[in-house]
J.: 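Here's a structure for you.
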Amino acid sequence: MIKQSAVFHVGGQKIPYAKYTQTFAGHEKAHFYTIDLTNDQIREKVLQSGMLTEEGYEVFSREVLLPIYMKEQETLQYNLNLVFLLPDEMSLTDEMWKVKEDFQYMRKLFIRASEFTKILLEGRKKEFNSIIKIGPEKYKLRNFNVVSDSETKSSLIFLRELSEALKSPIVYVGCPTEESYIQNIKNADQKVLAYYYQKLWSMFQELGLPNNPYELSSSEERCLYLASILSNQDKGQPLLLEGMGWKSLDDNRRLNMISTLSDFSERSGSVIMTCDSKANISLIKKKVYRANFLVSK
């Protein structure tokens, strides 16, 4: 991550922030504008500025965030993040929750300061390019790949053909057997499992793994199972995913899933998954640098 420091001018206050730039393959991938609320002086300036009140935030968004958004190119426009680092004992107010749910110009993240280092400490990244042959046809694979329906073939049939050609199994995220669900959780390194679960479920806002994997909502269970899949995946082996359950995820978790799988594909190898929703395909195109869309020929 590349770090720069500056200040926001808000409500008569100069609020220091750190701008972190995430890169991949020599290109800027995302920006994180980070305000450290663990610092007493900065927290007091934020409170005095009113930027986390409903009225003050509207002014801050219009006068500060909008100009930043408009200056960026399209790829980066959808990968801007405003991050508030919270003391471990600090809880979100109702107004903070309203800010968090606002996606205009930037995504808003409230993260424990102790957890933010997990985003900053990136592993080694590698750009992946390969050619796979299915019958007489050739297809290019990259880090993040999406398989969609075509006029002649469903996305699942095409994914099965890719699975056979790559000699990698398809993992059905939405409907694991009880045995595979529990076994994957037991086999995973618990720190790695916690890292992926927290990132998928809450982008590190909440700490710890669920105490009982049986007492979860369907969305929580899907995130925990996917976290266990990522934790157990052999580095360099293509990961083929089906049954992502996009429709059951809210906006936050949909963004979390895309971001987590994109980051995973840059560190551990190629990810190939199905997605036939036009809205989600559009979101992936905006969020993922060099996302690769595969349609059977």
Side-chain angles (χ1 to χ4, degrees), residues 128 130 132-135 137 139-185 187-188 193 196-197 199-201 213 216-250 253-285 287-288 291-297:
F128 183 84
S130 179
I132 186 72
K133 191 173 182 180
I134 299 176
E137 304 295 347
Y139 300 90
K140 177 176 281 190
L141 297 181
R142 290 179 176 162
N143 295 73
F144 192 101
N145 305 273
V146 179
V147 177
S148 300
D149 285 337
S150 70
E151 294 181 0
T152 59
K153 195 175 295 181
S154 72
S155 57
L156 180 54
I157 291 175
F158 187 31
L159 189 69
R160 287 171 180 165
E161 293 176 344
L162 289 167
S163 172
E164 292 175 4
L166 292 166
K167 295 181 171 54
S168 291
I170 298 172
V171 181
Y172 293 86
V173 180
C175 52
T177 64
E178 182 176 327
E179 182 180 0
S180 63
Y181 175 58
I182 297 301
Q183 197 61 49
N184 260 32
I185 294 170
N187 289 344
L193 180 66
Y196 281 121
Y197 179 72
K199 192 171 182 180
L200 286 164
W201 183 249
L216 302 176
S217 69
S218 60
S219 294
E220 287 173 313
E221 183 178 292
R222 184 178 293 110
C223 286
L224 182 58
Y225 183 51
L226 180 55
S228 73
I229 292 166
L230 300 180
S231 302
N232 288 306
Q233 182 72 4
D234 291 334
K235 199 164 188 177
Q237 181 183 8
L239 176 60
L240 287 77
L241 301 172
E242 163 63 6
M244 303 299 291
W246 295 102
K247 291 181 180 179
S248 66
L249 300 173
D250 61 22
R253 304 231 154 75
R254 208 158 40 241
L255 289 170
N256 291 352
M257 184 174 288
I258 292 170
S259 173
T260 302
L261 290 175
S262 175
D263 289 343
F264 177 84
S265 75
E266 293 169 6
R267 291 196 297 268
S268 299
S270 192
V271 169
I272 308 167
M273 63 181 184
T274 56
C275 181
D276 294 309
S277 162
K278 291 182 179 179
N280 288 323
I281 287 174
S282 176
L283 182 59
I284 291 169
K285 287 179 178 178
K287 290 289 294 178
V288 180
N292 188 37
F293 294 87
L294 300 169
V295 179
S296 62
K297 299 175 183 177

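All of these numbers come straight from a predicted model, not from anything done at the bench.
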J.: Using atom types as modelled and distance alone, determine if a side-chain donor or acceptor of Ser163 lies under 3.5 Å from a backbone N or O of Ser168.
T.: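 A pair under 3.5 Å: yes.
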J.: Of all the heavy-atom pairs spanning Lys287 and Ile258, show the shortest one and how long it is.
T.: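 Looking at all heavy atoms of both residues, the shortest contact is CB-CG2, 4.1 Å.
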J.: Would you say that Val173 contacts Met257 through its side chain, given a criterion of any heavy-atom pair below 4.5 Å between the two side chains?
T.: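 No; the side chains remain at least 4.5 Å from each other.
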J.: Between Val288 and Val146, is there a side-chain heavy-atom distance shorter than 4.5 Å?
T.: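 With C-beta onward as the side chain, the pair stays apart.
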J.: Strictly distance-based, threshold 3.5 Å: is any side-chain N or O of Ser231 a donor or acceptor partner for the main-chain N or O of Ala227?
T.: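 Present.
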J.: How close do Ser296 and Thr152 get, counting heavy atoms only, and between which atoms?
T.: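 Smallest heavy-atom distance, with atoms named: OG-OG1, 4.1 Å.
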J.: Where is the tightest heavy-atom contact between Leu294 and Tyr139, given as atom of each residue plus distance?
T.: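 Closest heavy-atom pair between Leu294 and Tyr139: CD2-CB, 4.3 Å.
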J.: Is there a donor-acceptor pair closer than 3.5 Å between any side-chain N or O of Glu178 and the backbone N or O of Ile182?
T.: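 Side chain of Glu178 to backbone of Ile182, a donor-acceptor pair under 3.5 Å: no, none is there.
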J.: Should Leu261 and Leu230 count as side-chain neighbours, where that means a heavy-atom distance under 4.5 Å?
T.: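 Sidechains of Leu230 and Leu261: in contact.
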J.: Step by step, would you call Val171 with Gln233 a side chain to side chain contact (heavy atoms under 4.5 Å, CB included)?
T.: CA-CA 11 Å; Val171 181; Gln233 182 72 4; 5.8 Å; no
J.: Can you check whether Arg222 reaches Leu200 side chain to side chain, under 4.5 Å on heavy atoms?
T.: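 They are not in contact (no side-chain heavy atoms under 4.5 Å apart), so the answer is no.
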J.: Would you say that Ile284 contacts Met273 through its side chain, given a criterion of any heavy-atom pair below 4.5 Å between the two side chains?
T.: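 Of all side-chain heavy-atom pairs linking Met273 with Ile284, at least one is under 4.5 Å.
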J.: For a quick test of reading the model, state the closest non-hydrogen atom pair linking Ser148 to Asp276 and the distance between them.
T.: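 Closest approach of Ser148 to Asp276, heavy atoms only: CA-OD1, 3.3 Å.
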J.: Taking Tyr196 for its side chain and Ile229 for its backbone only, find out whether a donor-acceptor pair lies under 3.5 Å.
T.: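 Looks like no, no N/O pair under 3.5 Å.
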J.: Just so I know, are the side chains of Glu220 and Leu224 near enough to count as touching, which here means a heavy-atom distance under 4.5 Å?
T.: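 Side chain of Glu220 against side chain of Leu224, heavy atoms only: no contact under 4.5 Å found.
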J.: Identify the two heavy atoms, one from Lys140 and one from Asn145, that lie closest to each other, and give their separation to 0.1 Å.
T.: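 Residues Lys140 and Asn145, closest heavy atoms: O-OD1, 4.2 Å.
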J.: Locate the shortest heavy-atom distance separating Arg254 from Leu249; write the atom from each residue and the value.
T.: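 Taking Arg254 first and Leu249 second, the nearest heavy atoms are NH1-O, 2.9 Å.
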J.: Where the side chain of Thr260 meets the backbone of Asn256, is there a donor-acceptor pair that is under 3.5 Å apart?
T.: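 Yes; at least one donor-acceptor contact below 3.5 Å.
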J.: For Ser265 and Ser262, indicate whether the former's side chain and the latter's backbone hold a donor-acceptor pair under 3.5 Å.
T.: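 Looks like yes, one N/O pair under 3.5 Å.
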J.: Enter the distance from Leu159:CG to Glu164:CD here, rounded to the nearest 0.5 Å.
T.: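 So the gap between those two atoms works out to 10.5 Å.
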